[in-house]
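Numbers restart at 1 for each chain; the letters A, B, ... are given by sequence-line order, proteins then strands.
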Amino acid sequence: MKIATWNINGVKARIDNLLTWLKESQPDIACLQEIKSVDDQFPRMEIESLGYHVETHGQKGFNGVAILSKLRFDEVNRRLPGDDSDEQARFMEGVFSTERGALRVVSLYLPNGNPLGSEKFLYKLAWMDRLERWAADRLMLEEPIVLAGDYNVIPQPEDAKNPEAWLNDALFQPESRGAFRRLANLGFTDAVRASTDDVLYTFWDYQAGAWQKNNGIRIDHLMLSPEAADRLAAASVEKHVRAWEKPSDHVPVVIELN
DNA sequence: ATGGTGGGCCTCCCA
């Protein structure tokens with residue numbers, strides 16, 4: 001079972017890359033973030049023709065998440081509980097039946113939170129608090145759960161080429177990193193970090209030649225419940241996708257579960 | 001180096 005996450009930075013601008021990547025990588029389930037599309041403009045036909053079921057949770061202009069799956073969806077839950085006034089499309093959960101039982105996969109797009117001291121930073125921390133509460137509740141199901149997405153959190157200094165450059169950024173604040181660590185301490189395993197000590201980045205800014213200098217950060221993560229972590233066979237970052245024409249600034253991260 | 005690049009979309013917002 002191959003599960004991937006990719007912030008594609010606009011599904012309509014990235015449809016050719018997305019189709020190329022799906023054919024090449026062949027994930028069973030792909031979580032997308034920043035689709036920047038409303039649901040009825042999502043290019044579902046092209047994706048369905050590759051054998052995927054498509055569920056989206058979009059909004060106009062910004063944000064938006066989707067899950068593509070070769071398995072049929074038993075259930076889809078949109079929106080992260082905990083704030084009924086939150087209109088931003090950043091979270092959806094799909095539930096699937098596998099030969100080994102239920103599998104839950106979340107596609108999440110955690111708020112960026114910049115600049116520090118703003119409402120946006122408070123929103124990020126509140127969103128992470130809601131995520132922690134939701135995850136703690138889901139853990140009681142004792143099922144394999146994969147929380148995949150763009151967390152907009154650099155967990156550790158080794159997850160950035162130039163950590164000192166991020167000291168005043170919301171992605172590397174003690175509060176952001178602490179909230180990510182609390183999620184881990186609930187019992188969720190960072191699949192990539194559990195698989196390798198290699199320096200791996202998932203995002204390179206479009207600006208200032210960041211890609212050419214390998215000035216990257218690791219902010220796209222797959223967090224696994226104990227029942228999912230027990231089945232983790234491999235994890236990798238598909239870095240070559242960043243070198244394609246018209247790339248997203250993020251690359252896909254992929255895990256294999258037994 | 002207080003710029004730089006890119007997507008969405010219509011005037012700037014977001015990253």
Side-chain angles (χ1 to χ4, degrees), chain A residues 5-21 31-44 46-47 56-66 80 85-91 107-128 131 148-155 159-173 175-177 179-180 201-221 237 239-253:
Chain A
T5 184
W6 189 15
N7 178 323
I8 55 171
N9 189 22
V11 69
K12 292 186 281 279
R14 215 70 64 207
I15 185 62
D16 290 346
N17 279 7
L18 176 58
L19 295 172
T20 300
W21 171 71
C31 300
L32 305 179
Q33 300 86 37
E34 274 202 279
I35 62 173
K36 296 185 174 179
S37 169
V38 293
D39 293 337
D40 61 15
Q41 284 172 33
F42 191 92
R44 61 166 51 239
E46 298 97 310
I47 297 166
T56 63
H57 179 38
Q59 71 179 92
K60 189 180 177 186
F62 312 105
N63 304 326
V65 291
L80 178 63
S85 69
D86 185 359
E87 295 297 326
Q88 300 193 36
R90 297 180 173 276
F91 181 97
S107 180
L108 68 89
Y109 176 46
L110 215 144
N112 174 294
N114 280 305
L116 296 182
S118 69
E119 284 296 320
K120 291 181 181 177
F121 188 57
L122 296 176
Y123 174 63
K124 178 187 192 127
L125 297 181
W127 205 96
M128 295 189 84
L131 178 64
D150 176 358
Y151 280 72
N152 269 314
V153 174
I154 303 166
D159 296 314
K161 177 70 175 290
N162 300 125
E164 65 283 356
W166 298 90
L167 288 173
N168 292 313
D169 194 287
L171 279 61
F172 197 52
Q173 287 314 292
E175 296 94 327
S176 313
R177 295 171 59 194
F180 183 83
Y201 306 134
T202 65
F203 168 93
W204 296 261
D205 202 286
Y206 290 121
Q207 302 179 66
W211 168 246
Q212 288 74 15
K213 296 181 219 165
N214 194 30
N215 181 15
I217 52 177
R218 192 175 72 91
I219 57 175
D220 299 273
H221 309 297
V237 177
K239 183 178 180 180
H240 67 287
V241 173
R242 187 62 176 80
W244 289 357
E245 293 264 332
K246 261 180 77 88
S248 169
D249 39 8
H250 298 249
V251 296
V253 184

Step-by-step side-chain contact (heavy atoms from CB on, under 4.5 Å) determination, A:L171 to A:F203: CA-CA 12 Å; A:L171 279 61; A:F203 168 93; over 6 Å; no
How close or far is atom [atom2] of [N] from atom [atom1] of [X], stated in whole angstroms?
X	N	atom1	atom2	answer
A:Q33	B:dC14	CD	C1'	16 Å
A:H250	B:dG7	NE2	P	13 Å
A:F42	B:dG8	CZ	P	12 Å
A:Q88	B:dG8	CD	P	18 Å
A:N63	B:dG7	CG	P	17 Å
A:F203	B:dG7	CZ	C1'	13 Å
A:K36	B:dC9	NZ	P	9 Å
A:Q59	B:dC13	CD	P	16 Å

Parallel, tilted or perpendicular: rings of A:H221 and A:F180 (30°, 60°):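 Rings of A:F180 and A:H221: tilted, as their planes differ by 30° to 60°.
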The side chain of [X] is closest to which nucleotide in this list: [options]?
X	options	result
A:R90	B:dC13, B:dA15, B:dG8	B:dA15
A:K120	B:dG4, B:dG8, B:dC14	B:dC14
A:Q207	B:dC13, B:dT5, B:dG8	B:dT5

Comparing A:P247 and A:A208 on DNA chain B - which has the more 5′ nearest nucleotide: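 With A:P247 and A:A208 compared, the 5'-side residue is A:A208.
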Position toward the 5' end of DNA chain B (nearest nucleotide), A:F62 or A:K12: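 It is A:K12 whose nearest nucleotide is closer to the 5' end.
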B:dC9 to B:dC14 separation - C1' atoms, rounded to the nearest Å: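 These two C1' atoms come out 12 Å apart once rounded.
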Distance test, side-chain N/O of A:K246 to OP1/OP2 of B:dG7, below 4.0 Å: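 Looking at the OP1 and OP2 atoms of B:dG7, one of them is under 4.0 Å from a side-chain N or O of A:K246.
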A:K60 vs B:dC10: side-chain N/O to OP1/OP2 distance below 4.0 Å: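 For A:K60, the contact criterion (side-chain N or O under 4.0 Å from OP1 or OP2 of B:dC10) is met.
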Short side-chain donor-acceptor distance under 3.5 Å, A:N9 and A:K36: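 Yes, A:N9 and A:K36 have a side-chain donor paired with an acceptor closer than 3.5 Å.
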Distance-only side-chain donor-acceptor flag, A:Q33 / A:D150, under 3.5 Å: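 The criterion, which ignores hydrogens and geometry beyond distance, is not satisfied for A:D150 and A:Q33.
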Residue pair A:V237 / A:Y201, side-chain heavy-atom distance below 4.5 Å: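 Side chain of A:V237 against side chain of A:Y201, heavy atoms only: no contact under 4.5 Å found.
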